Each structure stands twice: as C-alpha cells, then as structure tokens.
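Whatever order the structure lists them in is the order used to number ligands and atoms, beginning at 1. Source: prediction; values computed, not measured.
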Amino acid sequence: MFFTVIGVGVFCYGVFYSILLCLLDCDLQLAFYEKFGKSVRRLQGKVVFITGASSGIGEHTAIALAKHGIKLVLTARRQAELERVKQICITSSGGKLTNNDVLVLPMDLLDFNSHKKVFDLAVQHFGQIDILFNNAGRSQRANWEHIDMTVDKELFDLDVFSVINLTRIAIKYFSTKGYGHVAVNSSIAGVVGAPYSGTYCGAKHAIHGYYNSLRTEKLGTDLQLTVSVICPGPTFSNFLQESFTGTAGQKYGNTTVSTDRRMTGERCGQLCAVTLANKINECWLGVFPLIPFVYVAVYFPVIRDIVLKVFGPKRLFKLRDSKDIDLSEVQAI
Ligand SMILES: NC(=O)c1ccc[n+]([C@@H]2O[C@H](COP(=O)([O-])OP(=O)(O)OC[C@H]3O[C@@H](n4cnc5c(N)ncnc54)[C@H](OP(=O)(O)O)[C@@H]3O)[C@@H](O)[C@H]2O)c1
C-alpha cells in the first residue's frame, strides 16, 4: 500500500511537471521568479550597461528596464539606432528617466582597445555601473565541414572574446566596489548542439565555460559577484539577416515572418529584465516545444539522443528557423 501511494504520487508529480513545462515559455525557476520573485523595480537607482542595444533582444531589455526607471548605458555600432532606442526608453519610462539617465556610447566590440575607454566613460557619467549585460552577438547558418576558419575566428572574436574582454574590465571595476553583476546572452544553442550552426554553438558553449568558471572562482571571495547566463531560443530580431555563414564576409540575409514559431522581442526583453532583477545564474527561454525539450536534453541525455535521432537535423532545423532547410543553399554558403 505504502509503495502504491508513493508510486501514484511520483506519477502525478511527473504528469503535472510535464504539463507545466509545455505551458511555459521559460524554465521553472525563471517562471517562479517572474510570478513570485523580486520586481524589476528593485533595480531602480542602478545602472545597467547593455551591449547590442540598437536592436532585437538588447533593445527590448533596455525598454523593459527603462519602464521601471533603471538608468542605462546603450552601446552598439549604429549610433542613430541607439538614439532611437534611447528615445523609446525615455518615453516608456513615463517620466522616470530624463535625457541624462540614458547614455548612448557607440562602440564596435571588435575594436578591443576601445572597451576600457567606453566602460570608463560610462562610469564617469553615472559614477557607477551595477550590471554589465553582454548581449551583442551574431548567429550562423552553415554546413559544418564547409566553414572557413576565418569565420570561426571572426565569430569567436565577437561572440566570445569581446564578451570576455569587456567582462574582465567590469570584474576589475566591480572588485574595487566589492560587488557587481555580469550577464551574458548565450542561447539554447549553448546548451544543446543545434545543427547547421557549428561555430555559433561552439562559441555559446564556450561562453558557458568561461562564465561558469568565473562564478565558481569568486565564491567566498571579497567580491560578491552575480554571474547570469541567459539562454533564449528562437526570438524575433534581425538575427537571421545578420548571421554568419560558412564563407568569410558573407551574411545569411534571411528574414523571419510573423507566423514563425518565435518568442517576441518584447517578451524576451521582459524575461531578461526579470533574470537580472532576481540574480538568476542560468535560464532558458523559448516557445513550445523548446522548454520541455531542453529539460529532456539536460536531465535525460539517453532520451535526448533518441529524440535527436528520430527527429533528425532537418526537422530540428525547421523547429529552430520555422522553415525547411534548403540543403543546397547551406551547402553553397
Ligand atoms: N534572436 C534569436 O533567435 C536569438 C536566440 C538565441 C540567442 N540570441 C542572442 O541574442 C543576442 C542578441 O541578438 P538579437 O537576436 O537581438 O539580434 P540582433 O537584432 O541582430 O542584435 C544584435 C546586436 O548586436 C550588435 N552588434 C553586432 N555586431 C556588433 C559589433 N561588432 N560591435 C558592437 N555591437 C555589435 C548589433 O548592433 P549594431 O549592428 O548597431 O552594431 C545589435 O544591436 C545575441 O548574442 C544572440 O546570440 C538570439
């Protein structure tokens, strides 16, 4: 009788858990914090430095934070787009932010020597930086064995080494204060190996390694450091346009359509803001069926391998990009 009760309990828990995961667009911890955790408002009085703030997820995170009056440093290469986002942030804040509270600092992240100068300018302007959100990055669509080594290096320069260089500058600055928060926009492709994105997956996995090591290294030290790794699934942005291919200097140039199975930029930005406010170490975001799939992939690797085999790379590609892969196209690029 005892074991029957335990068995029924475990079964009901499993069913409840599975249904819940199918209804959510993020992992359970983030969903819990969004409902019952600290409001984004708790970051009022803080300054958040966001890279890649001129479009997509960076833009929408900036707006989600601005709504609560959080001061912002917006960086990317396109100054006009940053000024546009700045005006939206000021308007969205409903009077909580003025012109002086949102600082636009154009920067090409590939110019590593400019990182320190730009970071120092932001500290000078506000007298403090509290959170660095490394969001800028570019994806990739390519056939694994046809990727030019130049592309591997260029993609790692942007998606990994620029992030690490800027993070090191921030950590040295936070060390003088004794506390700080660094966050990075990784991807579900940094958790599960996605097909036709070899370099990008490698780069995002590398980010997890660097950031997880940093988090562990600072435990129990004089620096109270929060390290957040945010992993979105497919989200509406300029992403596909800007993606690397396998050929140096080429862009994928593909567009999304409104019927794609993707998260909206607004929702993704809101969840990023909740992650920052609640100091979450790692979170996963994505529309169904991504979240249950990631849970299976991480906690049940044997089932993951069977699912991947049954689905195959073409269907996985379709799940990610909402369109069939044109193999000849990927082959050629
Ligand atoms: N959209 C998705 O489906 C998805 C899924 C998972 C993860 N992500 C991650 O989300 C992050 C943001 O991507 P997104 O989807 O929002 O794409 P996006 O709209 O193309 O935004 C990319 C941002 O990065 C900036 N950027 C690109 N190259 C730069 C450089 N050399 N120097 C400085 N800034 C640069 C761009 O600004 P400028 O062009 O003005 O420089 C832009 O603001 C990326 O790290 C990506 O890996 C996206």
Side-chain angles (χ1 to χ4, degrees), residues 25-26 49-64 73-86 104-115 118-119 133-141 154-163 165-166 183-192 194 197 199-208 211 228-244 251-256 260-269 271-272 275 282-287 290 294 317 319-323:
D25 63 359
C26 60
F49 185 117
I50 306 177
T51 70
S54 61
S55 65
I57 299 173
E59 168 178 351
H60 289 291
T61 305
I63 296 167
V73 182
L74 308 179
T75 85
R77 289 166 303 179
R78 291 168 296 163
Q79 181 158 10
E81 287 306 301
L82 289 173
E83 295 292 350
R84 176 187 64 79
V85 175
K86 172 176 177 166
V104 163
L105 290 175
M107 155 167 76
D108 184 344
L109 282 166
L110 294 174
D111 178 8
F112 286 41
N113 291 329
S114 67
H115 292 187
V118 169
F119 194 86
F133 180 28
N134 287 291
N135 160 75
R138 286 174 60 195
S139 187
Q140 180 189 43
R141 297 294 179 271
E154 283 179 6
L155 197 153
F156 264 68
D157 271 345
L158 180 63
D159 287 12
V160 182
F161 299 129
S162 83
V163 172
N165 192 55
L166 195 55
V184 64
N185 207 343
S186 173
S187 169
I188 293 296
V191 182
V192 185
S197 251
T199 318
Y200 179 70
C201 284
K204 294 300 187 183
H205 275 73
I207 282 293
H208 284 246
Y211 264 54
S228 301
V229 181
I230 301 174
C231 307
T235 305
F236 284 103
S237 73
N238 291 340
F239 209 51
L240 282 183
Q241 277 285 348
E242 293 297 311
S243 287
F244 285 92
K251 286 185 182 174
Y252 189 50
N254 229 307
T255 48
T256 54
D260 284 357
R261 286 196 66 78
R262 292 175 174 274
M263 183 176 273
T264 63
E266 287 85 352
R267 176 70 182 145
C268 192
L271 288 172
C272 289
T275 303
E282 182 173 325
C283 62
W284 309 326
L285 333 177
V287 294
L290 204 64
V294 178
F317 183 92
L319 186 69
R320 189 177 182 204
D321 276 10
S322 299
K323 58 171 77 93

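In this structure, the side chain of N135 does not engage the main chain of N185 through any donor-acceptor pair within 3.5 Å. Judged purely by atom type and a 3.5 angstrom limit, T51 uses its side chain to pair as donor or acceptor with the backbone of A136. Not a single donor-acceptor pair under 3.5 Å links the side chain of D321 to the backbone N or O of K323. S197 contributes no side-chain N or O that, together with a main-chain N or O of A194, makes up a donor-acceptor pair within less than 3.5 Å. The backbone N or O of V163 lies less than 3.5 Å from no partner atom in the side chain of H115, so there is not a single donor-acceptor pair. A distance-only check finds no donor-acceptor pair linking the side chain of D25 to the backbone of G286 [under 3.5 Å].
Ligand-side atoms of ligand 1 in range of G56: 16 (O), 19 (O), range being under 4.0 angstrom from any heavy atom. Contact atoms of ligand 1 toward L158: 28 (N), 29 (C), 30 (C), 31 (N) (distance under 4.0 Å to a heavy atom of the residue). In the vicinity of R262, heavy-atom distances shorter than 4.0 Å reach the ligand 1 atoms 3 (O). Distances below 4.0 Å separate heavy atoms of P234 from the following atoms of ligand 1: 3 (O). Taking every heavy atom of S55 and a limit of under 4.0 angstrom, the matching atoms of ligand 1 come to 18 (P), 19 (O), 21 (O), 42 (C), 43 (O). In the vicinity of A76, heavy-atom distances shorter than 4.0 Å reach the ligand 1 atoms 34 (N), 37 (O), 38 (P), 40 (O), 41 (O).
Considering R77, R320, R78, E154 only, the shortest heavy-atom separation from atom 29 (C) of ligand 1 involves R77. Closest heavy-atom approach to atom 44 (C) of ligand 1 within the set N185, I50, N135: this belongs to N135. Among V184, D108, D157, the residue whose heavy atom sits closest to atom 31 (N) of ligand 1 is D108.
Distances from ligand 1 to the non-hydrogen atoms of M263 include no value under 4.0 Å. In this structure, S139 has no heavy atom closer than 4.0 Å to ligand 1.
The shortest contact between atom 20 (O) of ligand 1 and any protein heavy atom is with N238 CB, 3.6 Å. Counting only heavy atoms of the protein, atom 22 (C) of ligand 1 lies nearest to G137 O, 3.8 Å. With respect to atom 6 (C) of ligand 1, the closest heavy atom belonging to the protein is P232 O, 3.1 Å. Atom 26 (N) of ligand 1 has its closest protein heavy atom at A136 CB, 4.0 Å. Distance from atom 36 (C) of ligand 1 to its nearest protein heavy atom, with residue and atom name: S54 OG, 3.8 Å. Atom 14 (P) of ligand 1 has S237 OG, 3.4 Å as its closest protein atom, hydrogens excluded (heavy atom only). Remark: minimum distance from atom 2 (C) of ligand 1 to any protein heavy atom is reached at F239 CD2, 3.4 Å. Of the protein's non-hydrogen atoms, G233 O, 3.3 Å is the one closest to atom 5 (C) of ligand 1.
Considering backbone and side-chain N/O of S187, none are found under 3.5 Å from N/O of ligand 1. Of the polar atoms of Y200, at least one N or O is found under 3.5 Å from an N or O of ligand 1, judged by distance alone. On a distance-only criterion, T235 and ligand 1 share at least one N/O pair closer than 3.5 Å. Close N/O approach between G52 and ligand 1 is found [any backbone or side-chain N/O within under 3.5 Å]. At least one N or O atom of L109, backbone or side chain, sits closer than 3.5 Å to an N or O atom of ligand 1. Close N/O approach between I57 and ligand 1 is found [any backbone or side-chain N/O within under 3.5 Å].
Within the 4.5 Å cutoff, the side chain of Y200 has heavy atoms near those of the S187 side chain. Between V191 and S186 there is no side-chain heavy-atom pair separated by less than 4.5 Å. The shortest distance between side-chain heavy atoms of H208 and E282 falls below 4.5 Å. Using a 4.5 Å heavy-atom threshold, the side chains of L271 and M263 count as touching. Side-chain contact between F133 and T275: absent, with no pair of heavy atoms (C-beta onward) separated by less than 4.5 Å. Side-chain atoms of H60 and C268, non-hydrogen and from C-beta on, never get closer than 4.5 Å to each other.
Contacts between S186 and ligand 1 below 4.0 angstrom, taking non-hydrogen atoms only, involve the backbone exclusively. Within the 4.0 Å heavy-atom criterion, neither part of E81 lies near ligand 1. Contacts with ligand 1 closer than 4.0 Å are made by backbone heavy atoms (N, CA, C, O) of M107 only, the side chain lying farther away.
Using a 4.0 Å cut-off between charged side-chain N and carboxylate O, R138 and E154 make no salt bridge. Using a cut-off of 4.0 Å between Lys/Arg side-chain N and Asp/Glu carboxylate O, R320 and D260 are scored as not salt-bridged.
Applying the ring-ring contact (aromatic ring centres under 6.0 Å, His included) criterion to F244, with sequence neighbours excluded, gives no partner residue. Residues passing the ring-ring contact (aromatic ring centres under 6.0 Å, His included) test with F161, sequence neighbours excluded: none.
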